[in-house]
Structure formats: C-alpha cells, structure tokens
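To keep things clear, I will list the structure first and then write my remarks on it.
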Number of protein chains: 2
Amino acid sequence: MTQPRKTPTMADVARIAGVSPMTVSRAFKRDSSVSEATRDAILQAAEGIGYVFDSTASSLRSQRTDFVAVTIPSINNANFAETLRGLSEGLKARGLQILLGYTDYDIHEEERLVEQLLRRRPEAIVVTGGKHTPRTRRLLDSAGIPVIETWDLPADPIGHVVGFSNAEAVRGMIDHFVAQGAQRIAFIGGDADRDTRGTDRREGFVAAMRAQGLDASRLIDAGAPPISMREGADAMGRLLDWLPDTQAVICVSDLSAFGALTECQRRGVAVPGDIWIAGFGDYEIAEVSVPALTTINPFPREIGARAAALILDVLDGRQAGPATVAIRPELMIRQSSK
Amino acid sequence: MTQPRKTPTMADVARIAGVSPMTVSRAFKRDSSVSEATRDAILQAAEGIGYVFDSTASSLRSQRTDFVAVTIPSINNANFAETLRGLSEGLKARGLQILLGYTDYDIHEEERLVEQLLRRRPEAIVVTGGKHTPRTRRLLDSAGIPVIETWDLPADPIGHVVGFSNAEAVRGMIDHFVAQGAQRIAFIGGDADRDTRGTDRREGFVAAMRAQGLDASRLIDAGAPPISMREGADAMGRLLDWLPDTQAVICVSDLSAFGALTECQRRGVAVPGDIWIAGFGDYEIAEVSVPALTTINPFPREIGARAAALILDVLDGRQAGPATVAIRPELMIRQSSK
DNA sequence: CTCGTTTATGTTATCGATAACACACCCTGT
DNA sequence: ACAGGGTGTGTTATCGATAACATAAACGAG
C-alpha cells in the first residue's frame, strides 16, 4: 500500500527504454514484431518502475475488452460453479476474462445485472436459462455480441444455446421408477415460479406422470430457491406425514434429496427399502452418501466448456448462424432407488 | 443478435434529446443537477435507440472503474462462495462490481491472476490468505489501492486484514476432544503445502497436540486441495486400517469429514460410539448429516461483509491506517463428537 | 432595480493505449 | 546494381465519456 506519486504509463516506460510508446505497446502484446532485445529492455524498464498495463485505456481504443459476461442464479451451487469452471478454462487460453454476476433466481435482478454487465462492453454474454424479462431480451438482442443461453432449451432462443430439456430429463427418471414397479411417485421442489429450471422439472414431472396414467398430485412445496438440504428434509417430513404410502420421490436437486434421505434416517424409514429417492444434478454428495443417490447428471462442466468453445468459434468467424448444442443428461442409477 | 450499424454513443442520445453530451452524462449518474424533464427526455431517447452506457470510456476519463478485484482459491467451495456473497452484497449498494478470479490453491497462479486483475485498475483488491509470491507482494504493495487479506491473520500483512488464525481454531477443537477424554487423535488433510490454510490447520494440530503432551503423528494425507468427500472417505479408510485404535479425527474441512463419516457407515464403525469426527467450515452438510458433524464456524459470510465495509471505509476516507479485523471462529459441537 | 446566488446547461481538453499509416533499413535474387 | 519484400520502429489521430471551467437564466433580497 505504498502510495507512489502516480501510476506510471506506457509513455514513462518508453522514455526509460528509449523507444516510442507504440513500441512499448507492441512489446506488451507478444505477437507483434519487436526485436527480442528491444522487448527485453522494455519489459525490464516496465518492471523497474512497477508499470502495470492499463486494460481500460487499451479497451477503449481497441474496442476490445476481452471480457465475457456470465450470469448464474447462485454463486453457491456446485452445478453452476462447474459450468463456470468449464467456461473459465475454455476462455482463459484466449485471454478472455469472465465478468460474473448472479441473479438470485430472479429475472428482474437478471435484468439489472445484464444491463450492468453490458455497460462493460463484453465480447459475449452467457446467461443461465431461457426465461427473461422483455427488456432483458431487448437488451440482449441489440447488444451486438454473441448471446448464449444455457441450462435450458428455449423454444425461442435469443441466439446460441447450450443446454438440455429439464422436463425431459425428469421424464426419464419417472420411466425408471415405473419400470421398477413404482406408481405412487411424489415430487419435492419449489412451488414458486422463481426457479425456472425447477419449475420446468416440476412441470415435466406432472406431464410425464399423466402420460403414464398416474396421479401427478403428490407435489411438495419446498419453498423458494435455492432449496437447501434442510428444506428438503422438511419437505420429506411433510410428505411422510401426509402421504405415507408414497413409493418413490423425485427431488428438484441432490441437495434436497440428501436432506430428504436424512429425514428418512431420522425416522427409521429405510431407503431404498421403504421408499426410493432420486435427486438432480449429480452433486458429489449423491455419489458419496450412504445409500448413494440416484440422480441425473446434466454435465454442468461440459455445458460451460461447450459454451466457451462456441464463443471462440463465433468470435473467430468459424460459426456463422446461431447454434444449438443439446446436452444429453445421463440417468445415474444408484442404491437409493433399487 | 440483430447487428445494428453501430453501437450508439452519448453524442447520439444528445442529438436526439436536443442537449449536449455533457448533459446526457449528468443525466446518467443520478446525482447531478439535471432538471427532471430533461432527464426523462434523455433517458427516453437513450432507451429509444438502445443506448447502453459505456463504462470503459467513463472509467478511462474519470479514473474510476468501480471494480473490486477478488481472488479465491476455488469457485466450487461453499465457504468461499459465502465470503463472496458477503462481499458482493456489501459492495453492490455503492455500485462496485466484483472482478473475480480463482487461483486453484496455487500462489503462482495467484501471481498471474493478481497482475491480470490489476490491469483492470480495480478500486481495491481482496485476496484469500496471507502467503504470496514475492512478485505478488510487490505488485500489491505498489498498486496504490487498498489491499485486504482474508481467511488468515498474516504475521506481516500487506495492508488490511479480515481473518482468523486457522491454527488456533484447530487448537480449540483439540481442547474439546481432550476434555471429552480422547487422547489418540488423528488429522486428515492435504499434506502438500499447496492449500496454505489447510497447512496452517495441520500445523496447528501438531502444535496443540504437543502442547497437550499427546502424540501428534497421526496425520493422514488426503491429497492435493480441493479435498473432496471421496478423498475424505479414502483417507478415513486408511486411518481405520492403520490406526484402528484412533479415538477422534479432525478433518481439514466438513466435506472430507462427511466423506470420513460415510466410510465409517460403510464399515459399520459407529459415530460417535466408536470414533468421533470433526470437520471445519460449518458447511450445510455438517448440520444436516446424521449424525450432525461437530465443526468450526469461521463465519465466511461475515468475513466478506466486513471486508466490504472496510473497503467502503477506506475509499470514503473514514479509515486511514491499515486495519485488522479478527474474526472469532465458533466451535459447533454436534452429535459426531459426543 | 440591481446585484449576488443558485440552477441548469454548454465548451474544451483530456484520460492512456493503439489502429492506421508511413518509412528507413537490410536482405535476396536476377 | 536495382527492384521487391520483409523487418523493426515512429507519427498522428482517435476510442467515448467527463473533469474543469464557463455561462445563461431565474430568483430573491436589500
């Protein structure tokens, strides 16, 4: 925190190295044609006076910020964190830096956030989900940069898409339970329309149950997202109180599923003996818990990696029109459902 | 993705609203003295042509980016995510945006990252931990902005500090176990020196055990950070094989502690009957698991909130010299240790 | 009725890097 | 010997917003 008189600029470095500022500029982006000796002298001069490149000025002149904006519902969620990792790793090689914001599962917060992020003039923007306010959509439409919607397959995409159908994934789970002989199947999830992916999963549950000719009314509201382990446990308690003959339960995420499992353990309800439990997301807990939890793996890391690759393709002109990359979630059958 | 001819600027808005660009500029930052009518006309004109404020240009001229740089070891860790939440919420009110990077628990990666972040000219920088490469330290020293080290109490701080002593926290846990009557106590954690906080905890374990006159050699290496549930389970397996008479085990985090617990469940080792288990971090799993896990709550959210408050104090001139905010972690005694 | 003050707006120069263009020098081939 | 091309570096103008300064209009007090 030593306060030097003033932050040095390229001009200062140029003066010391005995070259023009333009040569300093070229020396700082490796690619250009500056002789080895000159570059070394420049970098040494820079290090000597503690010069740090100023991206702000560079961005204004070159009209390239090397930012990629990303919005996720919650920072504290392993699935989205994995998507972020995939993105970040894919973009790092090209020197693209992620500008992150989280929406708290609220599309109005998303609107504020998207505007704030666009002010930084990112090269591309990645949003989670396919449901947005009209103004968000307008902002994204006219931003003039690649837009990628993830974790969903929107009917009317804004631009590019890397995602999967949440409803269809849940259907696969129901088919699994039915094949195992279950008929009285419940769903634990948020009843509010806030978490759009959670809502899609619930609606997928209802549709698939009806398609099977089964009763789709065993819906337990676990509150507003993010739905915690604790809330999953509470919801399971209510389910066991009200509909004790339930044979299987699908939870909106592995976290609530694990919570539900612990509630069964506390009550002496055997899993998988008395009731089957399934989650969503293939979080680490699903693999490690005893019993291990049946779940759906949506390959969150791959979503991020594919989104990053897509961004690079578009920026390099290898991808012209809007692309849709469909991820195929995988049913992970473990002890909790057999 | 409609590609408009060119992104509109303030000058375009000014022309349409029939005012000077300066007035548009003032209208966009609420505080200034622009008449109600003029502001409305300007904002409407802006919305009409889809103008979005350009922070890049603003930052260059005003020398204020409204960025706060933050580095964390891993994005996929609930504790650091909570710190980030605390930070983000505290800074949002002032329009400060977080510029995030993660170091993967590697101080050389941290060095690259810090330089990259400083290029964006943040108003302040928050780093996790108190161990850095010499160049990182030099960069931070001469950056001319507030520097805050967190999650640690470094002996020789760079600037401000919001943290706690990892070693001391572990000592409290050992005192608890000893008071309960345990003597053969083990530690499960990374043996590599990569995760500096994990190393501090291990060293704290060794020092505190010796202070109690107990054998401090029951150290199980769980690999390189981040240490997962799975790795905690593996480590517990090795501990039970090699030192089956161990009475209590302290894990470097709740995640590995939970993994250790599941390994006991698989082997029919009773927790807390046969062995006591404790973790670190007070993750949600510690409260929900059966049995609930004894742990240490370092108040990660508060670390972020206090860091944010400190940044605002410094930027507003309310805080002159370097401050150290000591957080007092709390021992959370639950079923797994009684 | 004039002057001082407040309110609302305009003008000019500038933040720091770099795109676009220019050019001197050296090398190679015919 | 000279055209032609590559290599390394310099000059000038510019990205878009805003700090600093200037000023016109409105208003109240003496």
Side-chain angles (χ1 to χ4, degrees), chain A residues 4-43 45-46 49-67 95 116 118-123 144, chain B residues 4-43 45-46 49-67 95 116 118-123 144:
Chain A
R5 41 243 144 248
K6 192 148 178 294
T7 313
T9 73
M10 270 193 182
D12 299 320
V13 177
R15 207 169 307 118
I16 293 172
V19 295
S20 75
M22 193 65 235
T23 304
V24 179
S25 170
R26 286 194 262 251
F28 264 87
K29 33 179 180 180
R30 305 249 165 266
D31 69 335
S32 257
S33 51
V34 178
S35 77
E36 199 66 29
T38 311
R39 165 152 58 226
D40 287 350
I42 289 170
L43 294 183
I49 60 172
Y51 169 75
V52 175
F53 185 89
D54 188 333
S55 299
T56 303
S58 168
S59 293
L60 177 60
R61 180 59 180 107
S62 66
Q63 300 288 66
R64 292 189 49 239
T65 58
D66 287 343
F67 276 135
Q116 200 193 354
L118 290 179
R119 289 177 164 207
R120 303 286 184 177
R121 295 291 186 269
E123 313 290 338
Chain B
R5 40 244 146 249
K6 194 152 177 294
T7 313
T9 74
M10 271 193 182
D12 299 320
V13 177
R15 207 169 307 118
I16 292 171
V19 296
S20 74
M22 194 64 235
T23 303
V24 178
S25 170
R26 287 193 261 252
F28 264 86
K29 35 180 179 177
R30 304 251 166 266
D31 71 335
S32 259
S33 52
V34 178
S35 77
E36 199 65 29
T38 311
R39 165 153 58 227
D40 288 351
I42 288 169
L43 294 183
I49 59 171
Y51 169 74
V52 175
F53 185 90
D54 188 332
S55 299
T56 303
S58 168
S59 294
L60 177 60
R61 179 59 178 109
S62 66
Q63 300 288 68
R64 292 189 49 237
T65 57
D66 287 342
F67 275 135
Q116 200 194 357
L118 289 179
R119 290 177 163 207
R120 303 287 185 176
R121 296 289 187 267
E123 313 290 337

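- For the pair B:Arg120 and A:Phe67, the cation-pi test (distance below 6.0 Å, angle within 45°) is passed.
- Scanning both residues, A:Val34 and A:Ala27, for their nearest heavy atoms gives CG2-N, 3.9 Å.
- Looking only at distances, a side-chain donor or acceptor of A:Asp12 sits under 3.5 Å from a matching main-chain atom of A:Thr9.
- Contact annotation: the side chain of B:Arg121 approaches that of A:Val52 to within less than 4.5 Å [non-hydrogen atoms, C-beta and beyond].
- Direction change of the helix axis from one end of the helix from C:dC1-D:dG30 to C:dT30-D:dA1 to the other is 30°, with five pairs defining each end axis (rounded to 10°).
- Among all heavy-atom pairs drawn from B:Thr65 and B:Pro122, the shortest one is OG1-CA, 3.7 Å.
- Residue-level contact check: A:Thr38 touches the backbone only, with heavy atoms under 4.0 Å from sugar-phosphate atoms and none from bases.
- In this structure, B:Phe53 reaches the sugar-phosphate backbone alone: every heavy-atom distance under 4.0 Å involves primed, P, OP1 or OP2 atoms, never a base.
- Closest of all the heavy-atom pairs between B:Asp66 and B:Glu123 is N-OE2, 2.9 Å.
- Nucleotides of DNA chain C with any atom under 4.0 Å from a heavy atom of chain A span, from 5' to 3', C:dG16 to C:dA20.
- Counting heavy atoms from C-beta on, the side chains of A:Thr23 and A:Ile42 come closer than 4.5 Å.
- Contact record, B:Gly50 with B:Pro8: O-CG, 4.0 Å, taken as the closest heavy-atom pair.
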Residue pair B:Leu43, B:Phe28: steps toward the side chain to side chain contact (heavy atoms under 4.5 Å, CB included) verdict: CA-CA 8 Å; B:Leu43 294 183; B:Phe28 264 86; 4.1 Å; yes

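- Contacts with DNA chain D (heavy atom under 4.0 Å) in residues 14-23 of chain B: B:Met22, listed by number.
- Closest non-hydrogen pair, B:Pro21 versus B:Ala14, comes out as N-CB, 3.6 Å.
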